[in-house]
Amino acid sequence: MRIFSWGIRSLVLIGSEGTKQRDANKEATIYRYWIVVLLILILPSSQLLAQGWSKQTMNRGKLWATLHNSLQYGDPTEIVNVYHGLDYPGYSKGPDIQDALNYIGAGGYALYGVRNSVEHAYSLDTRYFPSGVDVFPVEEMLMTTNYNLADLALKGEQIAAGSHYVYGAEVEIRRTSRVWSYPKYDDFIIHEVEITNKKFSNITDFYFGMRYSLLFTVRSMSQKDEKYGWDEDHNLFYFYDDWSFNWENESPVQFNFGVGPDMGDIADSRDIEELNSKEHEFDAPGYLTVVVLDSAGGNVYQNILEYGSKSGETNAPDEDRIFIHTVDEPARFKQVMTHQQPRMSWDEANEAGGEGGTKYERSPIYLLSVGPFTLTPFQKIKLVYAEVMGEMDRAKIVAGGLDNLIDLQSESLDSLLKNVESAQQLYAQDLQPETHPPPTPTNGESSLTITSQPGNLMIEWPEIPADYTDPVLGVNDFEGYRIYRSTYFTIGPWELLIDIPKTAASVSDGIVKYVDEDVSASIGYYYTVTSYDSDGNESGAVNNNRFPEYPTLSKNEDFPKDVYVVPNPFRQHSGLYGSGERYRIQFLGLPGQARIKIFTVSGELVQEMEHNDGTGSAAWGSIANMDYQLTKWALGIAPGFYIYSIESMVSGHEGESFIGKMAIIK
């Protein structure tokens with residue numbers, strides 16, 4: 001009874017506080033009282049008390065996002081964090097949490113409505129915590145996994161749903177988000193937003209909008225250089241990374257290397273800051289849009305707001321300045337939410353000289369609103385949004401260069417628009433794909449078993465069950481597996497390593513095994529395995545290893561002969577093109593167990609490592625720990641000459657050692 005009484009007292013206090021802040025009329029007080037009574041009668045008090053602000057990460061497709069039941073994205077405290085805010089392609093965070101292709105700095109929503117002739121408005125995005133004065137959680141953010149659409153009725157391979165209540169407007173907002181791994185449908189997230197009037201009176205002139213503060217990308221941390229385009233055929237704005245500029249005079253920033261002199265930092269090429277750079281990848285190659293798939297009969301409003309208005313540093317008209325909750329009156333929320341951005345690109349608007357095309361929109365906030373609606377007591381409406389991304393072929397993204405950068409501007413846009421059409425098609429099909437590939441061999445990042453062996457790498461995964469049947473055709477049409485390999489990064493680019501027909505697969509105790517012998521001990525490898533059917537339908541690539549796997553060398557039986565370091569000398573770059581591998585140094589020709597010490601030429605110990613895996617190779621640190629070339633004090637190594645010693649710890653060979661020299665040139 002104590003918990004039950006506490007639940008009543010707390011809810012009444014919340015209700016009365018919300019009434020005090022938002023609606024002092026008697027009807028609201030009576031309404032909230034009865035809502036509390038009904039909730040207590042219907043739900044156990046323990047369930048009422050268990051609800052809280054919570055989040056889930058959608059990571060089944062290429063587009064990853066951490067979603068909250070507050071409708072926020074990522075993490076409410078930091079732009080750079082361990083969570084995901086529209087990462088494309090997505091991958092889990094390592095020690096360097098800034099290593100993410102994250103395309104928004106913040107995301108959330110806004111609403112406006114009128115009840116009993118009183119205007120109400122509310123807005124929230126990632127950069128703020130939800131206030132108990134304005135909102136409270138109703139349904140925790142929960143994830144349902146339905147890999148490979150095992151249950152077609154669930155409509156998605158990951159389904160995350162949660163809700164909260166908004167005082168003043170007195171509505172409950174519930175978002176259900178869905179993703180797929182099928183190759184045609186893995187570049188977008190579909191959100192169903194259900195809004196329920198929870199009061200015994202109408203709410204009229206109601207508008208709801210999703211808002212996105214764009215940042216292309218967290219990996220490059222290049223800011224205030226985005227632009228937008230307009231596609232008339234698809235009736236949408238799209239956003240992309242462009243050339244940075246000097247804020248005061250709006251002149252383009254000059255870059256002297258790589259593609260910089262010709263194209264500046266469009267798409268954030270890695271070679272523009274460094275002479276003779278060995279890395280040319282574009283770190284912001286994606287194109288982004290958000291579309292309304294179902295407006296429930298309401299009008300759709302697309303507005304691009306100016307960055308500077310968040311701090312009041314712009315003289316833009318009110319409809320182009322983002323509203324601020326508790327600062328601006330509700331009427332201005334409506335003004336902004338119902339304003340239509342002129343249907344033209346940033347460049348066209350800038351040339352025309354009217355609205356848009358200003359420097360403040362170079363870090364835009366995109367607001368996509370729907371309305372007006374009248375919701376009768378306890379009426380519910382459902383709005384459906386899709387966040388969609390596209391990019392050019394990743395092999396061209398990694399290769400970089402002027403020709404590929406020129407192609408990117410059309411190829412990434414073409415990819416985006418194709419993915420928009422796929423999202424629209426899927427929704428028109430009641431969220432059911434028209435064809436189904438066989439199941440993914442394993443589910444999730446790093447779910448393959450990869451074993452490093454002397455001179456090779458062995459990849460293992462469970463075989464597709466013999467009783468598998470296509471959910472539409474009703475037959476087992478599984479034909480085989482494909483293994484893809486990358487020597488660059490966990491998201492590729494990928495090359496087909498081998499196609500394995502099911503009749504040729506090496507299977508033992510239900511496990512398929514493949515040994516990759518075309519490998520080098522000085523190169524790290526990434527793998528992903530898919531399945532395909534007799535019609536050529538292929539499963540998604542979802543099981544790539546997050547960090548590279550290196551084949552080992554056999555232990556050196558002739559130690560201390562044939563010991564060496566690669567590369568030596570180390571000249572600014574290891575020569576390995578895998579992302580993050582530029583500082584890797586390896587010791588080769590080791591005994592199975594050894595102690596490795598590195599000294600300055602004056603004899604000061606810099607680092608000491610234990611090698612005990614029974615192989616003949618070891619690296620100075622790892623990408624997983626982000627400690628390549630770090631000293632024992634976790635500081636970066638200075639350029640210069642160093643002495644290294646290898647001391648055998650093998651039983652019967654203790655005391656055998658090798659001393660060598662290496663140079664680090666930066």
For this session: Answer yes or no: are there more than 12 heavy-atom neighbours, outside Phe257 itself, under 6.0 Å from its atom CZ?
Result: yes

Seminar exercise, completed: By ring pair (Phe, Tyr, Trp, His ring centres under 6.0 Å), Phe216 pairs with (sequence neighbours left out) Tyr103

Exercise. Under 6.0 Å between the ring centres of Tyr644 and Phe587?
Worked result: yes

For this session: Ignoring hydrogens and angles, state whether a donor on the side chain of Tyr240 or Gln409 is under 3.5 Å from an acceptor on the partner side chain.
Result: no

Exercise. Any luck finding a side-chain donor-acceptor pair between Asp268 and Thr217 under 3.5 Å?
Worked result: no

Problem set entry | Distance, nearest 0.5 Å, that separates CD1 of Ile596 from CE of Met609 | 4.5 Å

Exercise. Just by distance, with hydrogens left out, do Ser181 and Asp186 show a side-chain donor and acceptor under 3.5 Å apart?
Worked result: no

Seminar exercise, completed: Those residues at least two apart in sequence (or on a different chain) that pass side chain to side chain contact (heavy atoms under 4.5 Å, CB included) with Glu434 are Lys184, Tyr185, Gln425, Gln429

Exercise. Looking just at side-chain N and O atoms, do Glu421 and His234 make a donor-acceptor pair shorter than 3.5 Å?
Worked result: yes

For this session: Give a yes/no verdict on a cation-pi contact between Arg485 and Tyr526, requiring under 6.0 Å between NZ or CZ and the six-membered ring centre and an angle within 45° of the axis.
Result: no

For this session: Verify whether the ring centers belonging to His84 and Tyr73 lie closer than 6.0 Å.
Result: no

Exercise. Is it true that Trp247 and Tyr360 have ring centroids separated by less than 6.0 Å?
Worked result: yes

For this session: Find the distance between CD1 (Ile365) and CG (Asp125) and round it off to the nearest 0.5 Å.
Result: 7.5 Å

Problem set entry | Min side-chain heavy-atom separation Val290-Tyr385 under 4.5 Å | yes

Exercise. Under a 4.5 Å cut-off applied to non-hydrogen side-chain atoms, are Asn568 and Lys661 in contact?
Worked result: no

For this session: State, without any angle test, whether Ser617 and Gln586 hold a side-chain donor-acceptor pair at a distance under 3.5 Å.
Result: no

Problem set entry | Side-chain donor-acceptor contact under 3.5 Å, Arg482 with Ser539 | no

For this session: Kindly state whether the ring of Tyr481 and the ring of Phe478 have centres lying under 6.0 angstrom apart.
Result: yes

Exercise. Which pairs pass side-chain hydrogen bond (donor to acceptor under 3.5 Å, both in side chains) with one or both residues in residues 388-405, sequence neighbours excluded?
Worked result: Glu281-Arg394, Glu391-Arg394, Lys396-Asp407, Lys396-Glu411

Exercise. Can Ser222 and Ser220 be counted as having a side-chain donor-acceptor contact under 3.5 angstrom?
Worked result: no

Exercise. Listed by chain and number, what are the side chain to side chain donor-acceptor pair (under 3.5 Å) partners of Lys55, not counting sequence neighbours?
Worked result: none

For this session: Applying side chain to side chain donor-acceptor pair (under 3.5 Å), name anything that partners Asp562, two or more places apart in sequence or on another chain.
Result: none

Problem set entry | Side-chain donor-acceptor contact under 3.5 Å, Ser244 with Asp225 | yes

Exercise. Distance only, no hydrogens: is a donor on one side chain within 3.5 Å (strictly under) of an acceptor on the other, for Thr442 and Ser447?
Worked result: yes

Exercise. Can you tell me if Thr66 and Thr57 form a side-chain donor-acceptor pair at under 3.5 Å?
Worked result: yes

Seminar exercise, completed: Sequence neighbours excluded, the answer for side chain to side chain contact (heavy atoms under 4.5 Å, CB included) partners of Val259 is Ser269, Asp271, Ile272, Leu402, Leu405

For this session: Please find out if less than 6.0 Å separates the ring center of Tyr91 from that of Phe489.
Result: yes

For this session: May I ask you to check whether Tyr583 and Trp620 place their ring centers less than 6.0 Å from one another?
Result: no

